[in-house]
Amino acid sequence: MPCSRSPAGEQALSAPPSIPDPHEFWQELHPPGTFEAAPSSGHRGAYPASLPDGRQILLPIRVLPGDGSRAVASLIVNQASFAVEDALADAVADLARPLAPEVVVGVPTLGLPLANGVARRLGHARMVALGTSRKFWYDEKLSQPLRSITSPGAGKTLYLDPRMLPLIEGRRVLLIDDVLSTGASIGSALRLLEAAGCRPVAVGAAMLQGELWRDVLESVAPGLRVVAALRSPRLARRTDGRYEPAA
């Protein structure tokens, strides 16, 4: 029996055709210039982010917890179409290739599929996955508390499998996460690698979401190079209910 349409889906049917249904976001690559990046009328429901080659991906606007005055453009890599996922991995790999990374380390959960794709494109035979599930042979010295903007109340612990240390010791490491927003999760990953005696040559991400992450990176790893496929601003709600880049 087919899955029934959810209430959220029913609500989405009444949305203007220019705004995709919730399940249709992150599925299509649009030609350059399809959407105006900064329309005077503001953004309603979706924000167009551009890849380095100009192609655009329409992202849903998510209102942040609080009074509803602030929002972000959202990207969930493992819900994207394979074509979009491939485009993101292509872009990050192309940007990182001049840095000659020798191993890619992925941040869970959503950074892992991107790290896998980037490592393949760089010609690597494997990647190193950080984890949030503690195995009995793990060392607590190779762990860090982990939080993110999408799960602020769900604290986890980030681990590096000690068996993976020979893969990163003395190597040029590229650390990959899906989205850099507050910088909380990438900061935890950098501290974890620092405990393992490793400073990456760069951080790679599918998207840079606003600018708050910069302060965290500067405090943890000053001067670290960052490359990303997409950029999106933090958004502020206007009096007409639409959103524009926050001041």
Side-chain angles (χ1 to χ4, degrees), residues 20 22-30 32 35 37 46-62 71-99 101 103-122 124 127-130 132 146-151 158 173-190 200-214 216-217 224-235:
H23 65 282
E24 294 177 331
F25 279 104
W26 316 303
Q27 302 306 303
E28 188 174 354
L29 293 161
H30 300 277
F35 306 102
Y47 177 85
S50 297
L51 290 160
D53 64 8
R55 288 179 297 168
Q56 294 179 304
I57 302 172
L58 204 57
L59 309 177
I61 291 177
R62 304 291 193 206
V72 293
S74 172
L75 173 65
I76 301 181
V77 174
N78 66 358
Q79 292 182 8
S81 68
F82 296 141
V84 168
E85 185 178 332
D86 285 345
L88 294 171
D90 286 342
V92 175
D94 288 345
L95 292 167
R97 190 171 286 110
L99 303 173
V103 60
V104 172
V105 174
V107 179
T109 299
L110 298 178
L112 297 181
L114 180 64
N116 189 312
V118 171
R120 288 173 180 269
R121 285 159 176 78
L122 293 174
H124 298 177
M127 50 82 76
V128 173
L130 303 180
T132 55
L146 177 67
R147 291 183 182 274
S148 71
I149 188 174
T150 53
S151 55
L158 188 64
V173 169
L174 172 64
L175 181 62
I176 296 286
D177 204 353
D178 62 326
V179 176
L180 302 193
S181 186
T182 64
S185 60
I186 201 66
S188 294
L190 286 167
V201 295
V203 165
M207 183 170 71
L208 303 180
Q209 190 180 67
E211 302 290 335
L212 294 179
W213 55 270
R214 292 187 183 277
V216 174
L217 256 67
L224 184 63
R225 178 79 176 270
V226 177
V227 297
L230 305 172
R231 295 174 184 268
S232 66
R234 290 212 163 209
L235 301 167

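Scanning for ring-ring contact (aromatic ring centres under 6.0 Å, His included) contacts around H30 gives F35, with sequence neighbours left out. Residues satisfying the salt bridge (Lys or Arg N to Asp or Glu O under 4.0 Å) criterion with R231, sequence neighbours excluded, are absent altogether. For A115, the side-chain contact (heavy atoms from CB on, under 4.5 Å) partners at least two apart in sequence or on another chain are V104, M127, I176. E211 meets the salt bridge (Lys or Arg N to Asp or Glu O under 4.0 Å) test with R214; sequence neighbours excluded. Residues forming a side-chain contact (heavy atoms from CB on, under 4.5 Å) with P233 (at least two apart in sequence, or on another chain): Y47, L235, P245.
In plain terms, the two heavy atoms of T132 and P108 that are nearest each other are CG2-CG, 3.8 Å. When all heavy atoms are compared, the tightest approach of Q79 to Q27 is O-NE2, 2.7 Å. Counting all heavy atoms, side chain and backbone alike, S232 lies closest to M207 at OG-SD, 3.4 Å. Across all their heavy atoms, A228 and L95 have their closest contact at O-CD1, 3.2 Å. The minimum heavy-atom distance linking V216 with T182 is given by the pair CG2-O, 3.4 Å. A pairwise comparison of heavy atoms in G204 and L174 identifies N-CD1, 3.9 Å as the closest pair.
The CG atom of L29 sits 6.0 Å away from atom OG of S81, with the distance rounded to the nearest 0.5 Å. Rounding to the nearest 0.5 Å places CG of L190 at 9.0 Å from OG of S188. Taking CG from L99 and CG from L122, the interatomic distance works out to 10.0 Å, rounded to the nearest 0.5 Å. Rounded to the nearest 0.5 Å, atoms CG (L158) and OG (S185) are 8.5 Å apart.
Test L175, D177, V203 against V105 for side chain to side chain contact (heavy atoms under 4.5 Å, CB included) and you get one pass: L175.
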Donor-acceptor contacts, no H, no angles, side chain residues 83-94, under 3.5 Å, sequence neighbours left out:
{"unit_1": "D86", "atom_1": "OD1", "unit_2": "R121", "atom_2": "NH2", "d": "3.1"}
{"unit_1": "D90", "atom_1": "OD1", "unit_2": "R121", "atom_2": "NE", "d": "2.4"}
{"unit_1": "D94", "atom_1": "OD1", "unit_2": "R97", "atom_2": "NH1", "d": "2.8"}

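Without hydrogens or angle criteria, W26 side chain to P60 main chain gives no donor-acceptor distance under 3.5 Å.
Taking 4.5 Å as the limit, some side-chain heavy atom of P32 sits within range of a side-chain heavy atom of R55. Residues V201 and V173 are not in side-chain contact: their nearest non-hydrogen atoms beyond the backbone lie 4.5 Å or more apart. Residues I76 and L110 form a side-chain contact, since some pair of their non-hydrogen atoms from C-beta on lies under 4.5 Å apart. Taking 4.5 Å as the limit, every side-chain heavy atom of L112 sits out of range of all side-chain heavy atoms of D178. Contact check for Q56 versus L51: no side-chain heavy atoms found under the 4.5 Å cut-off.
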* Apply the test side chain to side chain contact (heavy atoms under 4.5 Å, CB included) to residues R234 and S181: give CA-CA distance (whole Å), side-chain angles for both, the deciding distance (0.1 Å), then the verdict. => CA-CA 9 Å; R234 290 212 163 209; S181 186; 3.1 Å; yes

* **Criterion side chain to side chain contact (heavy atoms under 4.5 Å, CB included) on L230 and V179, from CA distance to verdict** => CA-CA 9 Å; L230 305 172; V179 176; over 6 Å; no

* **Steps toward side chain to side chain contact (heavy atoms under 4.5 Å, CB included) verdict (V72, I61)** => CA-CA 6 Å; V72 293; I61 291 177; over 6 Å; no

* Asked: Can you list the steps and then say if F25 with L59 is a side chain to side chain contact (heavy atoms under 4.5 Å, CB included)?
  -> CA-CA 6 Å; F25 279 104; L59 309 177; 5.6 Å; no

